[in-house]
There are 2 protein chains.
Amino acid sequence: MEHRIDRIKKQLHAQSYKLTPQREATVRVLLEREEDHLSAEDVYLLVKEKAPEIGLATVYRTLELLSELKIVDKINFGDGVSRYDLRKEGATHFHHHLVCTECGSVEEIVEDLLEDVEKLIQDDWGFKVKDHRLTFHGICRQCQIQEAVTT
Amino acid sequence: MEHRIDRIKKQLHAQSYKLTPQREATVRVLLEREEDHLSAEDVYLLVKEKAPEIGLATVYRTLELLSELKIVDKINFGDGVSRYDLRKEGATHFHHHLVCTECGSVEEIVEDLLEDVEKLIQDDWGFKVKDHRLTFHGICRQCQIQEAVTT
DNA sequence: CTCGGTGCAAAGCCTTTGCATATGC
DNA sequence: GCATATGCAAAGGCTTTGCACCGAG
């Protein structure tokens, strides 16, 4: 974990930004809750536990900054709230998501899966792909089991 | 076009909703601008041209309704505005988008492309896919040409 | 007459911004 | 000391809601 903080610190310094205590606290929360897809408000509340004096605006500004530096990805599942997701170390692509329409759970898929499709897009549409967002909506394994039991 | 209006009328009636003049005007705008990705405000302004008395709230309510009935898809390209896109007739899947980060243009891809990937998701993750959202971010053909010229 | 639909304005959210203060180099 | 970063509160932008009125069956 310290290693990753260090890396981020360097990334910030490279653009002459500072890793202030508030920013570090925010990054730590993101690291601890890497599997989740926290909203700005979620992050704020969690950071507040360790650094009660932090303001919501700072969290927004920090998340915006991290987003610009491609350290986190800003995603939107259509519920009107932005969520922030730490990029996997060394990942060139954004990972995909499985959103369950029954229980709202979000699963991550790290595998690329889109290599062939991207090649097609480049070749057939002449569109130079830089990044992508792929989300599947459906019913997760758990809810399928539930359904089978209840029915 | 009248044919499609009729179909939508039936879909509404089937759920005991009415195709009021306001709703019809809204649907007509969506049909006329099928290639675009209009925001609620865009739709509102266009509808207002033919039916000046309409209110923005009604447009929102209509779009919400059409969205629930799966007649339109609500999408979000991350700019904080919802956009509304008519489903292609008989389409079971949402189509994909190529968003150019240079000029902001949005191209549509009707081809499925994800059959194999969806099969994998079902088989390997046990997730029953109902729908998907796929957006590529990158540089469109036009902007690539521009770049080549300017450089 | 009844109930869904509409228009308007007000309220609600999430997010951004202005500004004075505090902090790090 | 100076520029950057922060906190707070206010402002902003998009969307939803409350409420009285309207209109079709």
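Source: prediction; values computed, not measured. Proteins get letters first, then strands, A, B, ... in listed order; numbering begins at 1 in each.
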Quick one: list whatever passes side chain to side chain donor-acceptor pair (under 3.5 Å) with [X], sequence neighbours left out.
X: A:D42; answer: A:S39
X: B:E64; answer: none
X: B:K18; answer: none

- Grab the two heavy atoms, one from B:I54 and one from B:Y44, that are nearest each other, plus how far apart they are. O-CE1, 3.5 Å
Which residues satisfy the side chain to side chain contact (heavy atoms under 4.5 Å, CB included) test with [X], sequence neighbours excluded?
X: A:E53; value: A:A51
X: B:A40; value: B:Y60, B:L63, B:Y84
X: A:K130; value: A:K128, B:I139

Atom-to-atom span, [atom1] of [X] to [atom2] of [N] - whole angstrom:
X: A:Y17; N: D:dA3; atom1: OH; atom2: C1'; answer: 13 Å
X: B:L19; N: D:dG23; atom1: CG; atom2: P; answer: 17 Å
X: B:L38; N: D:dT15; atom1: CG; atom2: C1'; answer: 17 Å
X: A:L63; N: C:dT16; atom1: CG; atom2: P; answer: 10 Å
X: B:Q15; N: C:dG4; atom1: CD; atom2: C1'; answer: 15 Å
X: B:E24; N: C:dG5; atom1: CD; atom2: P; answer: 15 Å
X: B:N76; N: D:dT15; atom1: CG; atom2: C1'; answer: 13 Å
X: A:R23; N: D:dG7; atom1: CZ; atom2: C1'; answer: 14 Å

- Could you check A:H137 against B:D131 for side-chain hydrogen bond (donor to acceptor under 3.5 Å, both in side chains), going step by step and ending with a plain yes or no? CA-CA 5 Å; A:H137 297 257; B:D131 200 2; over 6 Å; no
- Query: Which hydrophobic side chains are connected to A:L113, either touching it within the sub-4.5 Å cutoff or through other members that do?
  - Reply: A:L98, A:I109, A:L114, A:V117, A:L120, A:I121, A:W125, A:F127, A:V129, A:L134, A:F136, B:L98, B:I109, B:L113, B:L114, B:V117, B:L120, B:I121, B:W125, B:F127, B:V129, B:L134, B:F136
Pairs under 3.5 angstrom, nitrogen or oxygen only, protein versus nucleotides 18-25 of chain C, please.
unit_1	atom_1	unit_2	atom_2	d
C:dG18	O6	A:R61	NH1	3.4

- Query: Mind checking what makes salt bridge (charged side-chain N to carboxylate O under 4.0 Å, His left out) contact with B:E108, not counting sequence neighbours?
  - Reply: B:K88
For nucleotides 11-15 of chain C, give me every protein contact, N/O to N/O, under 3.5 Å, one pair per line with atom names.
unit_1	atom_1	unit_2	atom_2	d
C:dT15	OP1	A:S82	N	2.9
C:dT15	OP1	A:S82	OG	3.3
C:dT15	OP2	A:Y60	OH	2.4
C:dT15	O5'	A:Y60	OH	3.2

- Query: Near DNA chain C, under 4.0 Å by heavy atom, which residues of residues 43-54 of chain B?
  - Reply: B:E53, B:I54
- Query: Heavy-atom contacts under 4.0 Å between residues 27-36 of chain A and DNA chain C, which residues?
  - Reply: none
- Do A:E118 and A:H132 meet the criterion of a side-chain donor-acceptor pair at a distance under 3.5 Å? yes
- A:D73 and A:R133 ion-paired at < 4.0 Å: yes
- Message: Determine whether a donor-acceptor pair (N or O, by modelled atom type, separation under 3.5 Å) exists between the side chain of A:Q144 and the backbone of B:G126.
- Response: yes
